[in-house]
Amino acid sequence: MDGNGRWAAARGLPRHAGHKAGISPVRMVIQECSQRGVEALTLFAFSSENWGRPSIEVSGIMNLFLDALERETAQLHANRVRVRIVGERRTLPVRLQALVAAAQAQTAGNDGLRLQLAVSYGGRWDIVQANQRLAEQCLVGALNPRDITEAHFAGALELADVPDPDLFIRTGGERRISNFLLWNLAYTELYFSDGLWPDFSVAHFEEALAFFAQRERRFGLTYPPPPPAAGQAGS
Ligand code: IPE
Ligand code: MG
């Protein structure tokens with residue numbers, strides 16, 4: 001979700017106004033995904049690197065997270081959304097950690113959209129923490145380093161139980177991943193939208209879905225894998 005700062009600057013407003021205006025498209029995207037039966041949505045809200053921004057901007061963003069969680073959790077729960085934070089939780093303000101824990105506990109049993117909010121998240125951080133988890137298992141003798149497979153590694157990542165994304169959407173005109181889900185994006189379709197995040201509308205979202213619908217996904221094979229036979233669960 002990129003372009004909040006530029007959106008505000010274009011209006012002669014402080015950057016915070018752009019972050020605040022970015023909440024409404026977040027609500028829209030969650031609602032659209034819920035209604036369309038999307039299984040999982042992961043929003044990159046704040047990166048490991050974003051901590052390096054001026055402290056006034058960082059604390060403003062943290063307060064927006066607090067307010068938004070306080071205001072929206074009941075509605076998310078009513079819509080059967082399962083909320084989770086992925087990222088380095090211990091770096092977050094204590095009050096935010098508590099709110100996040102409460103929102104996660106409240107919505108844990110829901111069967112609707114799985115919503116991951118990536119906060120204080122970095123793809124490299126995720127890979128390192130996965131390595132730490134596996135190394136600890138090796139240390140206690142529960143795992144032999146030679147036996148480590150891709151499945152072990154994927155299982156130690158923050159999104160262990162969430163399927164790899166089919167579609168990645170970045171707004172704001174930059175064509176880069178910026179340390180988002182580095183492992184999980186291996187075969188994800190990448191969509192870049194030039195508009196700024198606060199302007200992201202249902203029509204923009206539908207453009208991204210239309211782009212996705214045109215892709216032929218081969219996953220390194222010559223032909224796309226056949227669709228699962230009728231009556232069989234897809235994956
Ligand atoms: C994205 O918008 C929001 C966060 C990174 C928290 P930016 O703040 O990066 O907006 P630009 O790129 O300066 O316009
Ligand atoms: Mg930016």
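These figures come from a predicted structure and were not determined experimentally. Residues: numbered from 1 along the sequence shown. Counting convention: from 1, in listed order, for ligands and their atoms alike.
Counting heavy atoms closer than 4.0 Å to ligand 1, residue Leu196 contributes nothing at all. At a 4.0 Å heavy-atom cut-off, ligand 1 touches Met1 through the backbone alone. Using a 4.0 Å cut-off between heavy atoms, Glu49 makes no contact with ligand 1 at all.
In the model, Ser47 has a side-chain atom that pairs as donor or acceptor with a side-chain atom of Asn50 under 3.5 Å. Remark: the His152 side chain and the Gln137 side chain contain no N/O donor-acceptor pair separated by less than 3.5 Å. Between the side chains of Gln129 and Arg133, a donor-acceptor pair is found at a separation under 3.5 Å. No side-chain N or O of Asp164 forms a donor-acceptor pair with one of Tyr187 less than 3.5 Å apart.
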Discussion item. Go through it in stages, so that I can follow the logic: the residues are Leu117 and Phe65, the test is side-chain contact (heavy atoms from CB on, under 4.5 Å), and I'd like the CA-CA distance, side-chain angles, deciding distance and then a yes or no.
Written reply: CA-CA 10 Å; Leu117 303 170; Phe65 291 152; over 6 Å; no
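With hydrogens left out, the protein atom closest to atom 7 (P) of ligand 1 is Asp2 OD1, 3.6 Å, a heavy atom. For atom 2 (O) of ligand 1, the nearest non-hydrogen atom of the protein is Asn4 N, 3.2 Å. Looking only at heavy atoms of the protein, atom 10 (O) of ligand 1 is closest to Gly5 N, 2.9 Å.
Close contacts between ligand 1 and Ile61 involve ligand atoms 6 (C) [criterion: under 4.0 Å to a heavy atom]. Against a heavy-atom cut-off of under 4.0 Å, Arg6 is close to the following atoms of ligand 1: 11 (P), 12 (O), 14 (O).
Not one N or O of Asn50 is nearer than 3.5 Å to an N or O of ligand 1, by distance alone. In terms of polar-atom proximity, Trp7 is not counted as a contact of ligand 1, lacking any N or O under 3.5 Å from an N or O of the ligand.
Partners of Glu216 according to the salt bridge (charged side-chain N to carboxylate O under 4.0 Å, His left out) rule, which considers only residues two or more places apart in sequence or in another chain, are Arg218.
Cation-pi geometry between Arg11 and Trp7 is met: the NZ or CZ atom falls under 6.0 Å from the ring centre, inside 45° of the normal. For Arg170 and Phe168, the positive end is not near the middle of the six-membered ring at less than 6.0 Å and at most 45° from its axis.
Relative orientation of the Phe200 and Trp197 rings is parallel, given thresholds of 30° and 60° on the angle between their planes. Using a 30° and 60° split on the angle between ring planes, Tyr121 and Phe180 fall in the perpendicular class, above 60°.
Around the OH atom of Tyr223, the shell of radius 6.0 Å holds no more than 12 heavy atoms that belong to other residues, nucleotides or ligands.
Within the 4.0 Å heavy-atom shell around ligand 1 one does not find Gly172. Close to ligand 1: Ala45, with a non-hydrogen atom less than 4.0 angstrom away. Using a non-hydrogen distance threshold of 4.0 Å, Arg15 registers as a contact of ligand 1.
Which of Glu57, Glu174, Arg53 comes nearest to atom 8 (O) of ligand 1 through a heavy atom is settled by distance: it is Arg53.
Using modelled atom types, no side-chain atom of Thr107 and backbone atom of Arg82 make a donor-acceptor pair closer than 3.5 Å.
Atom-to-atom distance recorded for Thr91:OG1 and Phe46:CZ is 8.0 Å, nearest 0.5 angstrom.
Around the Mg ion (ligand 2), the protein contributes the following N, O or S atoms under 2.8 Å, ordered by chain and number: Asp2 OD1.
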